[in-house]
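First the structure, in the form of structure tokens, and then the observations on it.
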Amino acid sequence: MPPTILKIGGSVLTEKTDTPTPKPSAIKRCAAEIASYHPSADNPLILIHGAGSFGHPQAKKHDSPDGFTNSGIIEIHRSVTLLNELVINALIKNNVPAATVHPFGCTVAEDARISEMHTAPIALMLARGIVPVLHGDVVMDRTLGASIISGDQIVPYLAALFGASRIGFGTAVDGVIADGRVVPEITPGTFEAVRSHIHGSEGTDVTGGMLGKVRELLGIDIDSYIFSAVKPGMIAGFLSGEEPGTRITKKPQSISLRK
Ligand SMILES: Nc1ncnc2c1ncn2[C@@H]1O[C@H](COP(=O)(O)OP(=O)(O)O)[C@@H](O)[C@H]1O
Ligand SMILES: [Mg+2]
């Protein structure tokens, strides 16, 4: 059974300010919505969360032409693990069998792209119904020493590897917005036309904001949905089969059929 992959943005779980500031009520609500899906071996789920104010300001602070220092690497990693702990605790409280897989310990990058990840534990967890929880992280990098790997980049990597059935990106906005409206569908063919409307993040985000997300998702063959995870019920709706927000796809579908 191929897994569903859900990414929840750091902008949903934290205030994207310059100091680590969680949003406890949002973390709790997201966990409850995930619990309503009842992830199991028959309903496998991989969860990835962003770093928000537990990662981006720290990465920005330590950014230098010479790369990250060891103390910088450790500070960034330790900070994102604190947010991960809050997420895991909330999931466990909702009886979701969730376990952390820190990218730092199982991933190697080259030029800030994932080149290898030890995913055998993830496959075995899924087969047992455990929900692996990954997150944006700093990882060792063969070219740069260390680099930031966003949750947005981890999603397509795992989706291609595991042949994900569905991909959802819960974020702080209703989808990709152009001229004040949610764009229902983006394909490689229509991307250029909407490209000028898509930018980075309004918060502190070192990994490309909305443009980074769309670029990552256009590269894979599996349909994905970018939707609001700030609005209650949207995560649960996506997990139960709804197609919210903006669909990113290589197979154009009739837009008139979209809700
Ligand atoms: N065309 C667009 N439509 C929607 N959001 C956009 C667009 N262009 C830029 N953005 C910004 O990108 C943000 C989403 O990216 P980001 O902050 O990285 O979210 P996340 O925390 O989910 O990774 C939005 O909140 C918004 O500030
Ligand atoms: Mg982001």
Side-chain angles (χ1 to χ4, degrees), residues 1-16 20-55 77-107 117 119 121-137 149-152 154-155 157-159 162 164-172 224-225 227-242 244:
M1 177 82 187
T4 294
I5 300 188
L6 174 67
K7 190 239 166 181
I8 302 180
S11 57
V12 177
L13 305 171
T14 76
E15 304 285 353
K16 271 192 155 172
T21 313
K23 287 191 200 166
S25 59
I27 295 173
K28 206 170 146 186
R29 179 184 50 78
C30 290
E33 293 193 35
I34 290 164
S36 74
Y37 179 63
H38 299 297
S40 67
D42 296 325
N43 240 4
L45 177 70
I46 301 177
L47 184 65
I48 290 147
H49 65 81
S53 52
F54 288 75
H77 175 64
R78 295 244 323 144
S79 182
V80 292
T81 64
L82 297 177
L83 175 61
N84 176 256
E85 192 60 23
L86 299 178
V87 173
I88 293 283
N89 280 340
L91 290 165
I92 299 284
K93 271 194 188 146
N94 282 277
N95 295 317
V96 176
T100 300
V101 178
H102 292 302
F104 184 69
C106 63
T107 309
M117 191 187 269
T119 54
I122 297 176
L124 292 166
M125 286 180 213
L126 292 172
R128 288 280 296 255
I130 293 173
V131 177
V133 182
L134 295 91
H135 52 83
D137 205 350
I149 296 298
S150 66
D152 297 347
I154 296 169
V155 172
Y157 182 88
L158 293 180
F162 288 109
S165 53
R166 312 184 72 224
I167 300 172
F169 270 59
T171 186
S224 51
Y225 300 86
F227 59 91
S228 168
V230 169
K231 290 189 177 159
M234 299 292 285
I235 290 176
F238 163 75
L239 290 173
S240 68
E242 288 171 16

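When all heavy atoms are compared, the tightest approach of Tyr37 to Leu45 is CE2-CB, 4.2 Å. In plain terms, the two heavy atoms of Ile48 and Gly151 that are nearest each other are CG2-CA, 3.7 Å. Considering every non-hydrogen atom in both Ala41 and Ala127, the closest pair reads CB-O, 3.3 Å. Nearest approach of Ala35 to Pro39, heavy atoms of both residues: O-CD, 4.4 Å. Taking both residues in full, the closest heavy atoms of Ala172 and Val230 are given as CA-CG2, 3.6 Å, listed atom of the first, atom of the second, then distance. Residues Gly170 and Val12 share a closest heavy-atom pair of O-CG2, 3.9 Å.
With values rounded to the nearest 0.5 angstrom, Leu13 atom CG is found 10.5 Å from Ser25 atom OG. Atom CE in Met125 sits 10.5 Å away from atom OG1 in Thr119 (nearest 0.5 Å). Note that the CG atom of Leu47 and the CD1 atom of Ile34 stand 4.5 Å from one another [nearest 0.5 Å]. Note that CZ of Phe169 is 10.0 Å distant from CZ of Phe227, once rounded to the nearest 0.5 Å. Separation of atoms CE (Met234) and CG (Leu239) is listed at 11.5 Å; rounding is to 0.5 Å.
When the shell of 6.0 Å around NZ of Lys28 is examined, it contains 12 or fewer heavy atoms from other residues, nucleotides or ligands.
The stretch residues 4-13 participates, sequence neighbours left out, in these salt bridge (Lys or Arg N to Asp or Glu O under 4.0 Å) pairs: Lys7-Asp152.
The shortest distance between side-chain heavy atoms of Val133 and His49 falls below 4.5 Å. Side chains of Ile122 and Leu134 form a contact here, defined as non-hydrogen atoms less than 4.5 Å apart. Side-chain contact check for Asn43 versus Ser40: some heavy-atom pair is nearer than 4.5 Å. Considering only heavy atoms from C-beta on, Leu124 stays 4.5 Å or farther from Arg128 through its side chain.
Tyr157 is linked by a side chain to side chain donor-acceptor pair (under 3.5 Å) to nothing, counting only residues two or more places apart in sequence or in another chain. Evaluation of the side chain to side chain donor-acceptor pair (under 3.5 Å) rule for Ser165 yields no partner, not counting sequence neighbours. By the salt bridge (Lys or Arg N to Asp or Glu O under 4.0 Å) test, Asp137 pairs with no residue at all, sequence neighbours left out. Applying the salt bridge (Lys or Arg N to Asp or Glu O under 4.0 Å) rule to Lys16 yields the partners Asp205; only residues at least two apart in sequence or on another chain are considered. For the side chain to side chain contact (heavy atoms under 4.5 Å, CB included) test, residues two or more places apart in sequence or in another chain that qualify with Ala159 are Ile5, Ala164, Ile167, Ile220, Ile222. Partners of Phe54 by ring-ring contact (aromatic ring centres under 6.0 Å, His included), not counting sequence neighbours: none found. Every residue meeting the side chain to side chain contact (heavy atoms under 4.5 Å, CB included) condition with Ala236, not counting sequence neighbours, appears here in chain and number order: Glu33, Ser36. A search for side chain to side chain contact (heavy atoms under 4.5 Å, CB included) contacts involving Asn89 returns Glu85, not counting sequence neighbours. For Lys231, the salt bridge (Lys or Arg N to Asp or Glu O under 4.0 Å) partners two or more places apart in sequence, or in a different chain, are Asp174. Pro3 meets the side chain to side chain contact (heavy atoms under 4.5 Å, CB included) test with Pro44, Ile46, Leu126, Phe162; sequence neighbours excluded.
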Query raised in the report: Going through the checks in order, is the side-chain contact (heavy atoms from CB on, under 4.5 Å) test met by Val87 and Ile8?
Result: CA-CA 10 Å; Val87 173; Ile8 302 180; over 6 Å; no
Kindly list each side-chain donor-acceptor pair under 3.5 angstrom involving residues 95-107, sequence neighbours excluded, with atom names and distances?
from, atom 1, to, atom 2, distance (Å)
Thr100, OG1, Asn84, OD1, 2.6
His102, ND1, His135, NE2, 2.8
Thr107, OG1, Pro103, O, 3.0

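Of the possible donor and acceptor atoms, one in the side chain of Arg166 sits under 3.5 Å from a partner among the backbone N and O of Phe238. The backbone N or O of Glu15 sits nowhere less than 3.5 Å from a side-chain atom of Thr21 that would complete a donor-acceptor pair. Between the side chain of Ser11 and the main chain of Thr171, no donor-acceptor pair closer than 3.5 Å is present.
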